[in-house]
Amino acid sequence: MADKNYYTIDPEGRLTCMKCRCKLQKGKAKFMYLDNGFPVELPVCPQCGFVYVPEELALGKVLSVEKALEDK
Amino acid sequence: MKIEERQSTHIYRQKRMFTKEELEAREGLCVHEQPPYCNAACPLKLDVKAMAAAVAAGDFDRALALYEKITPFPHILALGCEAPCEKNCKLRELGEGIAIRELERSALAYGSKPRGGSLLRKKQQNAAVFGADLFSLFLAGELVKKRYPMSFYCAQGDCLSLVKDCAPGLPEEAAEATARLLSELDIDFKWGCEPEAAYWEEREKYALIAAAWDTARQLYPGLETDEAVMVCREHGLITGSTGGVLDSAFGAKRAALSADRIAQHLDPGNTRGEEGCVATRLYTSLEGVEPSGRIPVTDRDSAEREAGRCIQCHCDECIKGCAYLQHYKKFPRILTREIYNNVSIIMGDHMMNKPINACALCGQCSVLCPNGYDMGEVCHIARQNMVSTGKMPLAPHEFALMDMLFSNGEAFLSRKQPGYDKCRYVFFPGCQATAIAPATVREAYRDLCRRLDGGVALMLGCCGAIGDWAGRYELYGETVDFLSEKLEELGSPEIIAGCPSCKKQLLSQGCEKIRGIWEILEELGLPETAEFRQRPMALHDACGARGDAQTQESIRRIAAKLGCQIQDTAYSGDQAPCCGYGGLTQYTNREVAREMTDKCLGRSRLPYLSYCMACRDRFAREGRESVHLLELVYGSAAQQCPDISAKRYNRLGLKQQLLKELWGEEVKAVDLGFEVEYTPEAEERMDDRMILKSDVIQVLQHLRESGEAVLEEDTGLFVTRERLGNVTFWVKYSETERGYLVHSAYSHRMKVVNRL
Ligand code: SF4
Ligand code: SF4
Ligand code: SF4
Ligand SMILES: [Zn+2]
């Protein structure tokens, strides 16, 4: 089943998990806020599962979705 | 005390903000939509104000269109109307009122109307008028306008003689113009019917019958009419006696409306709406309006200039003074209705959340409005309402609320003056003063201890205003309890407030014994630290001192003693605008808060003197020389603008310093085991993004325990994160010898989780 992703980032090997010493890969994650969930694809550590949220994403898309939900 | 995020956006609870009556009562206070004085006096409902605006703009076509709306025969009216509008013109309070009739005449002289007939379909029922007088002439015109097929039985033989007989004394030119208009009307004239009464059987052919007053009396001697509707019910006849031009025109209007009712087989008195002139409740300020006399109207130009004297009466007292209302470009009445509706929305977007949370709750509007419209109260009630139903987002207020919890938690201090078992006073400087000017607070407290008898306790904390402003009534209630308990522990001494807002807030909590430090300073005289220097300054009254004349005056006296030559600005005293901090605007809407600050500063170019530390801080941030009265009294450095982290640090630092100096208690500094430094960009961003250094430190502590971080190849920096409360904080850093150099920090409220 093709599931809908609101956002996709591929780290393309440029991010390393310092704990596991391995490259982050494009992986499945989910943003949750006030009872609402949004599936996304973000850089994830294949071993420990650390999900990386880049600054631009946090200050851009994430913030605007937060704001929209806050006024629901 | 804890603040909880709401759990869901799917909340179906609902609570009305006001009863219908209360809503209407509030809305009814606003007179913005009341008619201007001139319009209100015109029984024909001419929009004088709009007509004057059109003439002033040289748009005589529009002026004419407005004028022709009210009468079929404008030349007769313009020359003969008694013009009650002119008597009611607001400008007469100052000088001469607008020559409204001259404007009407100029519209007729210089305006032209587009040709073309009415697009409306003719009505089924036909109508006839028997006999000619000014009333019946106007009525015929009105009925044609209403698209009744129209017949006119009269003794005259042509339009011009008909007009002249109906309006004797009308100048030739006007009579001819009117005759031309009349001839263009779709009327079936039955000329030469003399006497008109002889043609009375013909009435059988018409559904609606009207008559000139004399004709009617010939037919039915002793006939009586209901003047209000111009109908003789006994004979089913539309008629009435009128005197004067305006009375005839207005009588014809009432009669034409009766014709509509009769055509619909209704009683003529049925649902007529508001007719004639009305009483207006409008308020219009004449401040800044120079008295002026009439300009004789002889041509277009002079007409435009005379119309240009019209001040376009309206009320916008509240908007003129308030940057918030200016920002949203809405009058309180409209805002109230929209906010009321917003609160009742069950599902979907709450478009008014921003405006609800952007008001400073300062009450300036309630003073400026002639009827005391208090928009702040409406917004405050809306906030509480939405908190109670779980619809209020936490995000806009969370930082401020956490700040309050910090002030009344980690940074809170309540102590008796050393050596005293019981204190007569307690100094309550307020959370802003301790955050922004801790050295001043320290000096002030030491001075009070030195010079007051009976012991002065100290309470460093927040009065609760923040919780109250956010509408978090439960949290506020807990704060009130907490403070009253602490005050009791001190033996309920008299409170010396350092801030007018604290004073107001504590008073509302039932603290009876409370004075401002300014009042104490007036009693004691100024301390040695006070530096006398002559300097012109603008005084900004605190919104917390609204309605508190004693405080406002006391501040002015002290300022004078310090050598300040106070130049009172517009909107001073009770009318003062808020600096942008009040109501938490600073946190919820930076744009509006800034506009508020600009509005305050726009009043004068001088350095500003204020007596609320939040005002002093916001003005200084905007680059204006700005000083708090206590900074002048206690001679400590002004113009520092601590960032959000420094504000917390200052509060904590002051507490620790005083504990050590006065109570001999050393607070052990916690050794983190590592050092944190920040790049200037990081500090700037953190202040802008409301991220505290203490947040960053917690994230780094977590990093040390978990080792969780990512290396960004592009920048060579590490990134780590931790969730603290409702927020995930991210820190971008590089490692240093003894710890970390922070390059950036950011945050989001959404939780991010793995998904399989
Ligand atoms: S001041 Fe504002 S709220 Fe009051 S009547 Fe005028 S427009 Fe309405
Ligand atoms: S100043 Fe203008 S708007 Fe005001 S009452 Fe006079 S004509 Fe009317
Ligand atoms: S900011 Fe102040 S003056 Fe403006 S609407 Fe709110 S309470 Fe009234
Ligand atoms: Zn890992």
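Chain letters run A, B, ... following the sequence lines, proteins first and then strands; every chain starts at 1.
Under the 4.0 Å criterion applied to side-chain N and carboxylate O atoms, B/Arg6 and A/Glu70 are not assigned as salt-bridge partners. In this structure, A/Lys23 pairs ionically with B/Glu713, as a charged nitrogen and a carboxylate oxygen lie closer than 4.0 Å.
Rounding to the nearest 0.5 Å places CG of A/Leu69 at 10.0 Å from OG of B/Ser8. B/Trp730 CH2 to A/Leu57 CG: the interatomic distance, rounded to the nearest 0.5 Å, is 9.5 Å. Expressed to the nearest 0.5 Å, how far OH of A/Tyr33 lies from NZ of B/Lys751 amounts to 11.0 Å. Separation of atoms CD (A/Glu12) and CG (B/Asp714) is listed at 9.5 Å; rounding is to 0.5 Å. Note that the CG atom of B/Leu711 and the CE atom of A/Met18 stand 5.5 Å from one another [nearest 0.5 Å].
No donor-acceptor pair closer than 3.5 Å links the side chain of B/His748 to the backbone N or O of A/Val62. At least one donor-acceptor pair closer than 3.5 Å links the side chain of B/Asn754 to the backbone N or O of A/Gly49.
When all heavy atoms of B/Val719 and A/Phe50 are compared, the pair lying nearest together is O-CZ, 4.4 Å. Between B/Ser747 and A/Ala58, the shortest heavy-atom distance links the atoms O-CB, 4.2 Å.
The environment of CD in B/Glu474 is sparse: at most 12 heavy-atom neighbours from other residues, nucleotides or ligands sit within 6.0 Å. For B/Arg594, the CZ atom counts as loosely surrounded, since its 6.0 Å shell holds 12 or fewer non-hydrogen atoms of other residues, nucleotides or ligands. Remark: B/Gln14 CD is packed, more than 12 non-hydrogen atoms of other residues, nucleotides or ligands lying under 6.0 Å away.
Of the listed residues (A/Lys67, A/Glu66, A/Lys19), the one with the most heavy-atom contacts under 4.5 Å to chain B is A/Glu66. Note: A/Val53 leads A/Val65, A/Val40, A/Val53, A/Leu15 in heavy-atom pairs under 4.5 Å with chain B.
Contact of the B/Glu5 side chain with the A/Leu34 side chain is registered, since non-hydrogen atoms from C-beta on lie closer than 4.5 Å. Using a 4.5 Å cut-off on side-chain heavy atoms (C-beta onward), B/Lys732 and A/Glu55 make contact. Between A/Phe38 and B/Met750, the closest side-chain pair of non-hydrogen atoms falls below 4.5 Å. In this structure, the side chains of B/Asp349 and A/Asp71 stay at 4.5 Å or more apart for every pair of heavy atoms. Residues A/Cys48 and B/Glu708 are not in side-chain contact: their nearest non-hydrogen atoms beyond the backbone lie 4.5 Å or more apart.
Only the side chain of A/Val44 comes within contact range of chain B, judged by heavy atoms closer than 4.5 Å. For A/Leu63, no part lies near chain B; criterion is any non-hydrogen pair under 4.5 Å. In this structure, the portion of A/Pro54 lying under 4.5 Å from any heavy atom of chain B is its backbone and not its side chain. Only the side chain of A/Leu42 comes within contact range of chain B, with at least one heavy atom under 4.5 Å from a heavy atom of that chain. Heavy atoms closer than 4.5 Å to chain A are found nowhere in B/Thr728, neither backbone nor side chain.
In summary, the side chains of B/Thr9 and A/Asn36 do present a donor paired with an acceptor at a separation below 3.5 Å, with no hydrogens or angles considered.
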Quiz item: A/Lys30 and B/Val752: side chain to side chain contact (heavy atoms under 4.5 Å, CB included), yes or no, with the steps?
Solution: CA-CA 6 Å; A/Lys30 192 165 143 187; B/Val752 57; over 6 Å; no
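Cation-pi geometry between B/Arg749 and A/Phe31 is not satisfied (NZ or CZ under 6.0 Å from the ring centre, within 45° of the ring normal).
Against chain A, the residues from residues 388-403 of chain B that qualify, each with a non-hydrogen atom under 4.5 angstrom away, are B/Pro393, B/Ala395 in number order.
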